[in-house]
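Just below is one structure, and these are the notes that go with it.
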Amino acid sequence: MRQFLFDSFAICVLLSCSTELVGAATPSFEEAGESVLAFGHISPISPERHLHLFMGSGVGWADFDRDGQLDLMFCQGTPVPSPLPPDSPPALRVWRGERGQFADCSTAARLHGATYAFGLTIADFNHDGFADVFVTGLLTAALYENNGDGSFTDRTNAAGIVSSGFGTGCCWTDFDQDGHLDLIYVRYIAIPQGKYPLCAAQFRGRAMPLSCNPRHLSGDGDSLYRSRGDGTFEDVSAKTGFARGPLRQGLGCVALDLDDDGASEIYVANDSSPNDLWTRTPNGSLEERGLLAGVALNRYGAAEAGMGIAVGDVDGDLRSELFVTNYFNETNTLYRNEGNLLFLDVTEEVALAAPSRQRLGFGTNLADFDNDGWLDLFVANGHVHDDVPLQMHPGERFAQLSQLFLNRDGRRFDDASQTAGAFFQQPTVARGSAVADFDDDGREDLAIVRLNGPAALLRNTSQPSGHWLAIELRGTESNRDAIGASVIVRAGRKAWRRDRMASSSYLSCDAPRLHFGLGDQTAVDSIEVRWPTGTRELFPAPVTGHTTTIVEGTGRPVARPPR
């Protein structure tokens, strides 16, 4: 009898292990060569090691020309200026998607900026059907209106936006739910009267220049611009209470409805200071609740060096989590959404603490790379000190390995980097990252900015392991891009949630299509949309394996987006 029980137990263990292995196929990626995309980021290290040259830039996906194919927009760096840059807009580069290839259309786009660009947020702010962009830079920023003919017009001054400071993160959001997109403009450190901070440390009896620690620098204020609905904006930072926030070193920025009350919150990752979570009060002002919500500090009560932010429902409870990348010798942090604007740091419980402690994370994305119905995690890594100053810190490296983590049924993440492709085996200095299925094969791909190096375009070549559905939203009463909407897809006893945002990762912007991996579900039962105005709408099931457009107020999905 004892032998029978032992044999039975052994068989059960083998069966359970086999089942897990069968379902544990690792997503794989191939990096496209320069014949597909030849963008190179410019940020050569200065002898003084200016801090901004190590911060890098973001990248965004959008169909700027409405030809049905996704285009890429890169924030471009520049060599260190001397003196500080004149009043010139930040540098942008546009690469037009052409059947899996990309052509540089920056000159035709009339994007002639000459200042170091950091972050961007993409959305149709004027409701003309074409995606516009706001970009931040060193001591400047720009609002570019898409003319619809492949070119853009600088509307910054005409729109009433004051471009100033060390701008970093930015995001579009309809914070007052009036159907018009408002703008969040995040700044990093104060540079008073053009006096750029330079730092050094003593090493072997001499001063060694190194990029400044933001803990020793003054933060700067962020801005909220409310749309008047006519293409102009009003700075309501003081009126709403947004300007009363502490002066912190802001980087990543996202806006979405985290507590399902119909209104979007604003979350900002701050470098070496507590993160901010802004929520709207009944009287229309904004209140900072990061500490009360549990997303300002880690579980030990320590402020970390927040860089990028990934958002998604990682445990399948239809509430969106927040994941923040942090500094070397800190862990990245996963804040689990408990509901009612309360979060818990569960980084250790889901096995994400140890793998991140010896990395410095920047870009990060939650996406279902294997279409099994669970959001996986990508992290772009790279230090902010080059190899010369790192002589003072043995074991730390400037170029680092990026990471891919597979979500195991919402309970833990497994590091699958070793088998995910050559990109994950080559140390690099990675910064912004953005997700899109640019080749329309139902598998999510990645674009990544390498600091002062060629961009990486990772094509997802995984063997199909699950079904999928992609959704594009069109607002009518809401803003046209439905920024701030949440979508729930149901199939039998399963359900998945995605949020429509206009910013993601580190200073970047994912594609506007919401991608749902469905696992073994060949069909879905319904789609529920909560629009940015707060109204809910139920749609019948579309065909899976395709991109479907849903238009507010119609009650039915349409086969193709309206042109």
Side-chain angles (χ1 to χ4, degrees), residues 29-46 49-50 52-62 64 70-81 85 88-98 100-120 122 133 135-138 142 152 168 211 308 362-363 378 380-384 386-387 398-402 421-436 438 445-459 505-509:
F29 296 85
E30 291 182 358
E31 183 174 351
E34 287 193 5
S35 61
V36 175
L37 177 68
F39 172 80
H41 184 255
I42 300 171
S43 190
I45 298 170
S46 64
R49 290 181 170 80
H50 289 76
H52 77 275
L53 295 174
F54 293 92
M55 301 307 295
S57 304
V59 57
W61 292 95
F64 289 110
L70 289 171
D71 312 306
L72 270 169
M73 180 174 281
F74 289 94
C75 294
Q76 179 59 290
T78 61
V80 64
S88 174
L92 284 177
R93 297 293 182 269
V94 181
W95 291 76
R96 183 175 180 269
E98 298 176 343
Q101 304 287 316
F102 292 87
D104 187 352
C105 298
S106 306
T107 300
R110 301 210 303 261
L111 297 171
H112 302 304
T115 302
Y116 200 115
F118 294 107
L120 50 70
I122 302 171
V133 61
V135 56
T136 63
L138 183 63
F152 292 78
T168 49
S211 56
F362 275 87
F378 169 78
N381 296 310
H383 218 297
V384 294
D386 65 293
D387 290 328
F398 189 33
Q400 300 179 358
L401 296 175
S402 293
F423 171 83
F424 295 90
Q425 310 309 311
Q426 179 63 45
T428 189
V429 185
R431 294 299 186 249
S433 61
V435 170
F438 76 91
D445 311 299
L446 278 162
I448 304 155
V449 176
R450 289 186 176 104
L451 183 75
N452 198 38
L457 180 61
L458 302 187
R459 190 192 304 269
S505 183
Y506 175 72
L507 314 182
S508 298
C509 194

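Heads up: numbering here begins at 1 and tracks the sequence.
Looking at Thr136, its side chain does come within 3.5 Å of a backbone N or O of Gly119 through a donor-acceptor pair. Thr115 places a side-chain N or O within 3.5 Å of a backbone atom of Ser88 that can act as its donor or acceptor partner. A distance-only check finds a donor-acceptor pair linking the side chain of Asp71 to the backbone of Phe64 [under 3.5 Å].
Of all heavy-atom pairs between Gly100 and Arg459, the closest is O-NH2, 4.0 Å. In plain terms, the two heavy atoms of Ile122 and Ala62 that are nearest each other are CG2-CB, 3.8 Å. Scanning both residues, Tyr116 and Pro90, for their nearest heavy atoms gives O-CB, 4.4 Å. Contact detail for Leu120 and Cys509: the closest heavy-atom pair is CD1-CB, 3.8 Å. Closest non-hydrogen pair, His41 versus Ser57, comes out as NE2-OG, 2.9 Å. Here the closest non-hydrogen pair linking Gly40 and Gln76 is O-NE2, 3.0 Å.
Taking the side chain as every heavy atom from C-beta outward, Arg49 and Phe54 approach each other to under 4.5 Å. Contact of the Arg431 side chain with the Phe118 side chain is not registered, since no non-hydrogen atoms from C-beta on lie closer than 4.5 Å. Side-chain contact check for Leu458 versus Asp445: every heavy-atom pair is 4.5 Å or farther apart. With contacts defined as side-chain heavy-atom distances shorter than 4.5 Å, the pair Trp95/Leu457 does not qualify. Side-chain contact between Cys75 and Val59 is absent, with no heavy-atom pair separated by less than 4.5 Å. Contact of the Val133 side chain with the Met73 side chain is registered, since non-hydrogen atoms from C-beta on lie closer than 4.5 Å. With contacts defined as side-chain heavy-atom distances shorter than 4.5 Å, the pair Val429/Asn452 does not qualify.
Interatomic distance, Tyr506 OH to Thr168 OG1, rounded to the nearest 0.5 Å: 7.5 Å. Taking CG of Leu72 as the start and CH2 of Trp61 as the end, the distance is 4.0 Å to the nearest 0.5 Å. To the nearest 0.5 Å, atoms OG (Ser402) and CD1 (Ile448) are separated by 6.0 Å. One finds the CZ atom of Arg450 at 8.0 Å from the CD atom of Gln426 (value rounded to the nearest 0.5 Å).
Heavy-atom neighbours of Glu98 CD from other residues, nucleotides or ligands within 6.0 Å: above the threshold of 12.
Phe378 and Phe423 have tilted rings, their planes meeting at an angle from 30° to 60° on a 0 to 90° scale. Ring geometry for His52 against His50 counts as perpendicular: the plane angle is over 60°, on a 0 to 90° scale with 30° as the lower cut.
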>> Working note: Val36 + Phe102, criterion side chain to side chain contact (heavy atoms under 4.5 Å, CB included); need CA distance, chi angles, decisive distance, verdict.
In response: CA-CA 6 Å; Val36 175; Phe102 292 87; 4.1 Å; yes
>> Test side chain to side chain contact (heavy atoms under 4.5 Å, CB included) on Phe362 and Ser433; report intermediate values, then the result.
In response: CA-CA 8 Å; Phe362 275 87; Ser433 61; over 6 Å; no
>> Run the side chain to side chain contact (heavy atoms under 4.5 Å, CB included) test on Ile45 and Leu53 for me, step by step, so that the C-alpha distance in whole Å, both residues' side-chain angles and the decisive distance to 0.1 Å come before the verdict.
In response: CA-CA 6 Å; Ile45 298 170; Leu53 295 174; 5.6 Å; no
> side chain to side chain contact (heavy atoms under 4.5 Å, CB included) between Phe438 and Leu37: does it pass, once the steps are laid out?
Replying inline: CA-CA 12 Å; Phe438 76 91; Leu37 177 68; over 6 Å; no
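Remark: Ala109 engages Val94, Leu111, Phe152 in a side-chain contact (heavy atoms from CB on, under 4.5 Å) (not counting sequence neighbours). Residues passing the salt bridge (Lys or Arg N to Asp or Glu O under 4.0 Å) test with Glu30, sequence neighbours excluded: none.
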